Amino acid sequence: MILLISASQVSRITGELEKQYTPSKWTVRLGAEETLKTFSQIGSQATSKARATRRSQLHVPYGDGKGDKIDIYFPDVASEAWPFLVFVHGGYWQYGSKDESAFMVNPLTAQGVAVVVVAYDIAPKGTLDQMVDQVARSTVFVQKRYPCNEGIYLCGHSAGAHLAAMMLLTNWTKHGVTPNLRGFLLISGIYDLEPIVSTSVNAPLHMTLEGARRNSPQWHLEAAPVKPADPACPVLVIVGQHDSPEFHRQSREFYQRHASSHFPAQTLCTRGWKASFEELHDVDHFEIIWNLTQEDDVLNQVEPWPFPLVAAIHSGQHGPFSPIEFEEGSF
Ligand SMILES: N[C@@H](CC(=O)c1ccccc1NC=O)C(=O)O
């Protein structure tokens, strides 16, 4: 069947896709520009505060590349057997940096969790393949440097959630060590990159459809070389209520309890991951992260660690979450 569509229909469709993948167009409290400005201000302030008040090691090289750097922030307790939260910042693989992304450092280190904020080479310097490799190498570095860690929890936001999710597929054998991964916290992420190819996001990324698919966790879950080292490694997929419908779809389809015709047998649940899905009530794509600077933010409650969100759902105390659409992942 040949489908004929007019030029104006094409421009309407591409315009809609562009809007769906522009998170600042969906905010409800501040305007787009003010939201982006506030996000970067809050990130910078949180980072200055963390560096001024927490014991830290900054710009630690995890590889030979100039951009292979992490910041490590430590709890007060003298030990190396902390749990580690490794945070991968967002910014559509083309902006953002570790130097304005220490949102959760003070609340988490105060509760005994070491926080690692990862730098990677954003576009145009870095390609998607290189960024994925950098996040893998930074995680391996943390494991090698802190072999007594009480678990590494990978957390990413938006494009950073994509990079963190790619670690579900990583074959660690070539890295010589399998990180002690105990959980994934994927916040407002993108797991199928194909729709991005035809948006302006792709201008500095130069992704081909093939490259987009190669770097889409949604398309490769069946190829995950190993099941999680710890069968209790939970994967929490979270999206903000005021994220766009496309962002909601991305999270839901990645998690989904049952395979869809679009992604047959390609969801976290159907591949055997202990996954949960949650829509966080009344927050947008940016507030969901900047709220992590607050000690009382739901995602910062570490008792019971790792994810009180999961525990709260299981105990029926939904608190500030929207209870809709949650299904416990099958295992
Ligand atoms: N240009 C985008 C900004 C954006 O998407 C973004 C900004 C900061 C952190 C994460 C982002 N999104 C995905 O990585 C917008 O206007 O919404």
Side-chain angles (χ1 to χ4, degrees), residues 14-47 87-104 117-128 130-132 134-135 154-167 184-205 207 212 215-218 237-251 254 280 283-293 299:
T14 48
E16 181 55 29
L17 199 62
E18 197 64 36
K19 182 175 172 199
Q20 291 286 335
Y21 284 101
T22 307
S24 63
K25 287 209 156 81
W26 300 85
T27 57
V28 293
R29 269 167 286 269
L30 303 174
E33 256 181 53
E34 212 180 338
T35 298
L36 294 171
K37 208 168 95 202
T38 307
F39 181 74
S40 137
Q41 269 169 1
I42 292 179
S44 299
Q45 280 162 7
T47 307
F87 181 63
V88 188
H89 70 77
Y92 269 151
W93 310 276
Q94 55 203 271
Y95 33 79
S97 85
K98 70 173 175 52
D99 301 317
E100 51 178 19
S101 300
F103 296 93
M104 70 299 288
V117 187
V118 179
Y120 52 92
D121 288 318
I122 54 177
K125 182 167 186 235
T127 63
L128 256 293
Q130 287 164 340
M131 294 178 224
V132 171
Q134 284 181 298
V135 174
L154 270 178
C155 172
H157 170 229
S158 198
H162 158 265
L163 294 170
M166 287 298 281
M167 299 306 108
F184 287 79
L185 186 52
L186 307 176
I187 306 175
S188 294
I190 296 173
Y191 310 102
D192 172 15
L193 303 190
E194 277 196 16
I196 298 282
V197 173
S198 41
T199 69
S200 62
V201 172
N202 197 28
L205 299 174
M207 270 191 299
N215 282 303
S216 291
Q218 178 84 71
V237 182
I238 302 182
V239 66
Q241 183 183 343
H242 305 304
D243 262 310
S244 75
E246 263 296 278
F247 272 79
H248 279 249
R249 182 188 67 79
Q250 288 263 357
S251 283
F254 192 45
L280 221 53
V283 287
D284 63 37
H285 193 79
F286 306 95
E287 293 163 334
I288 202 169
I289 292 300
W290 82 46
N291 286 349
L292 289 169
T293 56
L299 297 177

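All ligand and atom numbering here is 1-based and tracks the order in the structure. The shown structure was predicted, so the numbers you read here are calculated from the model rather than taken from an experiment.
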(message) Under 4.0 Å from a heavy atom of Ala159: which atoms of ligand 1 are those, numbered in the order shown and with their elements?
(response) 13 (C), 14 (O)
(request) Can you see which heavy atom on Leu193 is nearest to which on Met207, and at what distance? (result) CD1-SD, 3.9 Å
(request) Compute the centroid of each ring, for Phe103 and then for His89, and state whether the two points are separated by less than 6.0 Å. (result) no
(message) Suppose we measure from atom 12 (N) of ligand 1 to each protein heavy atom; which comes out shortest, and what is that distance?
(response) Ser158 OG, 2.9 Å
(request) Any atoms of ligand 1 less than 4.0 Å from a non-hydrogen atom of Ser24? List them with their elements. (result) 15 (C), 16 (O), 17 (O)
(message) Angle between ring planes, Phe39 versus His157, binned at 30° and 60°: parallel, tilted or perpendicular?
(response) tilted
(message) If we set the cut-off at 4.0 Å for heavy atoms, which region of His285 has an atom near ligand 1: side chain, backbone, both, or neither?
(response) side chain
(message) Under a plain distance cut-off of 3.5 Å, with no hydrogens placed, do Glu194 and Ser216 share a side-chain donor-acceptor pair?
(response) no
(message) Taking a cutoff of less than 4.0 Å between a non-hydrogen atom of the residue and any ligand atom, is Gly96 in contact with ligand 1?
(response) no
(message) Could you check whether Glu246 pairs with Arg249 (Lys NZ or Arg NE/NH1/NH2 to Asp/Glu carboxylate O, under 4.0 Å)?
(response) yes
(request) Return a yes/no value for Pro23: is any of its N or O atoms, backbone included, closer than 3.5 angstrom to an N or O of ligand 1? (result) yes
(request) Quick one: look up the protein heavy atom nearest atom 1 (N) of ligand 1 and list residue, atom name and how far away it is. (result) Tyr95 OH, 2.7 Å
(request) Check whether any heavy atom of Phe286 sits under 4.0 Å from an atom of ligand 1. (result) yes
(message) Does any N or O of ligand 1 fall below 3.5 Å from an N or O anywhere on Phe39, backbone included?
(response) no
(message) List ligand 1 atoms under 4.0 Å from Leu36, heavy atoms only on the residue side.
(response) 3 (C), 16 (O)
(message) Checking contacts here: is it the side chain or the backbone of Ile190 that comes within 4.0 Å of ligand 1, counting heavy atoms only? Could be both or neither.
(response) neither
(request) Give the numbers and elements of all ligand 1 atoms closer than 4.0 Å to a heavy atom of Gly91. (result) 9 (C), 10 (C), 11 (C), 13 (C), 14 (O)
(message) Would you compute the distance between atom NE2 of His248 and atom CD of Gln241 and round it to the nearest 0.5 angstrom?
(response) 7.5 Å
(message) Within the 4.0 Å heavy-atom shell around Gly90, which atoms of ligand 1 are there?
(response) 9 (C), 10 (C), 14 (O)
(request) May I ask you to test the Ser244-Tyr21 pair for a side-chain heavy-atom distance under 4.5 Å? (result) no
(request) Decide whether an N or O pair under 3.5 Å exists between Lys25 and ligand 1. (result) no
(request) Hey, could you give me the OH/CG distance between Tyr92 and Asn202, rounded to the nearest 0.5 Å? (result) 11.5 Å
(request) Heavy-atom distances under 4.0 Å are what count here, so tell me which part of Trp93 touches ligand 1: side chain, backbone, both or neither. (result) neither
(request) Ignoring hydrogens and angles, state whether a donor on the side chain of Tyr95 or Glu100 is under 3.5 Å from an acceptor on the partner side chain. (result) no
(message) Run the salt bridge (charged side-chain N to carboxylate O under 4.0 Å, His left out) test against Glu34 and tell me which residues pass, sequence neighbours left out.
(response) none
